[in-house]
Amino acid sequence: MTESADTREADLALKAKHRAMWALGDYPAVATRVVAGLGPVLVDACAVKEGDRVLDVAAGSGNAAIPAALAGGDVVASDLTPELLAVGRGEAEARGAVLSWQEADAEALPFEDAAFDTVMSCVGVMFAPHHRAAADELVRVCRAGGTIGLLSWTPEGFIGRMFATLKPYAPPPPPGVQPPPLWGKEEHVRALLGDRVTDVVSRRQSIRVDAFSAPGGLP
């Protein structure tokens, strides 16, 4: 077996673990009760309007995709984990949002070149293991003159510091895998997108999380 084949097998195994991890527990409760405000912020930043073709990459249960649909976008919500998409369908129906849901790998999106006016991801694509591959796909499926909007946790914030704390206790990732919080560094994102993207705007904001008043978890 060649080294490249070994690497591919390791990557497939890692993505299978990611898929299983996101299907565990109740991530949709976190999305709707802890960080629900993030999706609308991203949709507003992308200025999604009636008729825009929108792709939400690593959409989870639709934290940003559903608000984009409610804003009038023709939305496709894609994610590696079908269990999250199933929850999103129910949430969308309850809120009167109409959109499409499709299982997809952020590093190999099953869409044509330049298929969307807006390509966005709300704390989603940052968890794809190969940043360059994911960034290339974001650019590929966005039309010329379109918008790519990303909302990511930063290395300096709580989530970034949590990852740094856990790193010594986690098994080493396959070669080429990069830490998710790097997507929260402007220079890293600029390097990934390169001169294929113009008019890059970076803004840092914080979100207050006060849902955990007791050690037991969500109320």
Side-chain angles (χ1 to χ4, degrees), residues 4 7-8 11 14-15 18 38-60 62-65 67-69 71-80 99-100 102-157 159-160 173-205:
S4 60
T7 300
R8 284 196 297 271
D11 287 341
L14 179 63
K15 289 183 180 181
H18 281 189
L38 297 183
V41 166
L42 179 59
V43 172
D44 287 346
C46 291
V48 174
K49 62 184 183 301
E50 188 78 30
D52 282 354
R53 299 166 298 164
V54 180
L55 174 65
D56 187 0
V57 180
N63 180 267
D74 179 7
V75 180
V76 177
S78 68
D79 198 274
L80 188 67
L99 63 156
S100 300
Q102 185 164 345
E103 184 176 347
D105 182 345
E107 297 177 5
L109 294 170
F111 307 109
E112 297 293 329
D113 295 356
F116 298 94
D117 302 301
T118 297
V119 180
M120 63 182 186
S121 187
C122 183
V123 292
V125 75
M126 64 179 290
F127 291 102
H130 303 97
H131 294 190
R132 172 67 65 186
D136 289 348
E137 286 294 271
L138 296 176
V139 174
R140 180 184 67 79
V141 300
C142 187
R143 69 166 175 82
T147 298
I148 296 174
L150 306 171
L151 195 157
S152 307
W153 302 120
T154 65
E156 300 82 11
I159 301 298
V177 173
Q178 294 177 285
L182 282 179
W183 281 91
K185 293 178 69 70
E186 180 181 350
E187 58 269 30
H188 180 69
V189 176
R190 284 182 178 273
L192 291 174
L193 300 177
D195 58 7
R196 300 174 296 178
V197 173
T198 60
D199 304 317
V200 177
V201 176
S202 175
R203 185 168 72 232
R204 287 199 172 211
Q205 293 179 254

Quick one: list whatever passes salt bridge (charged side-chain N to carboxylate O under 4.0 Å, His left out) with [X], sequence neighbours left out.
| X | result |
| --- | --- |
| Asp113 | Arg140 |
| Arg204 | Glu156 |
| Asp105 | Lys15 |

Mind checking side chain to side chain contact (heavy atoms under 4.5 Å, CB included) for [X] and listing every partner two or more places apart, or none if nothing turns up?
| X | answer |
| --- | --- |
| Glu187 | Lys185 |
| Val201 | none |
| Ala134 | Glu107, Val125, Ala128, Trp183 |

Quick one: does [X]'s side chain have a donor or acceptor within less than 3.5 Å of a partner on [Y]'s backbone?
| X | Y | value |
| --- | --- | --- |
| Asp79 | Ala59 | yes |
| His131 | Gln178 | yes |
| Ser78 | Asp56 | yes |

Taking all non-hydrogen atoms of both residues, which atom of [X] and which atom of [Y] are closest, and how far apart?
| X | Y | value |
| --- | --- | --- |
| Ala45 | Arg203 | CB-NH2, 4.3 Å |
| Pro110 | Ala104 | CD-CB, 3.5 Å |
| Val54 | Phe116 | C-CD2, 3.6 Å |
| Leu99 | Val75 | CB-O, 3.4 Å |
| Gly184 | Thr154 | O-CG2, 3.7 Å |
| Asp52 | Ala47 | OD2-O, 3.9 Å |

Quick one: are [X] and [Y] in side-chain contact, heavy atoms under 4.5 Å?
| X | Y | value |
| --- | --- | --- |
| Leu80 | Phe127 | no |
| Arg196 | Asp136 | yes |
| Leu138 | Leu150 | yes |

* Asked: So which of Leu55, Val57, Val43, Ile148 actually passes side-chain contact (heavy atoms from CB on, under 4.5 Å) with Met120?
  ->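 For Met120, the side-chain contact (heavy atoms from CB on, under 4.5 Å) check succeeds only for Val43.
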* Could you tell me whether Asp117 and Arg53 have a side-chain N and a carboxylate O separated by less than 4.0 Å? =>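 Yes, Asp117 and Arg53 are salt-bridged.
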To the nearest 0.5 Å, how far apart are [atom1] in [X] and [atom2] in [Y]?
| X | Y | atom1 | atom2 | value |
| --- | --- | --- | --- | --- |
| Glu137 | His130 | CD | NE2 | 13.5 Å |
| Asn63 | Cys122 | CG | SG | 4.5 Å |
| Asp74 | Glu50 | CG | CD | 10.0 Å |

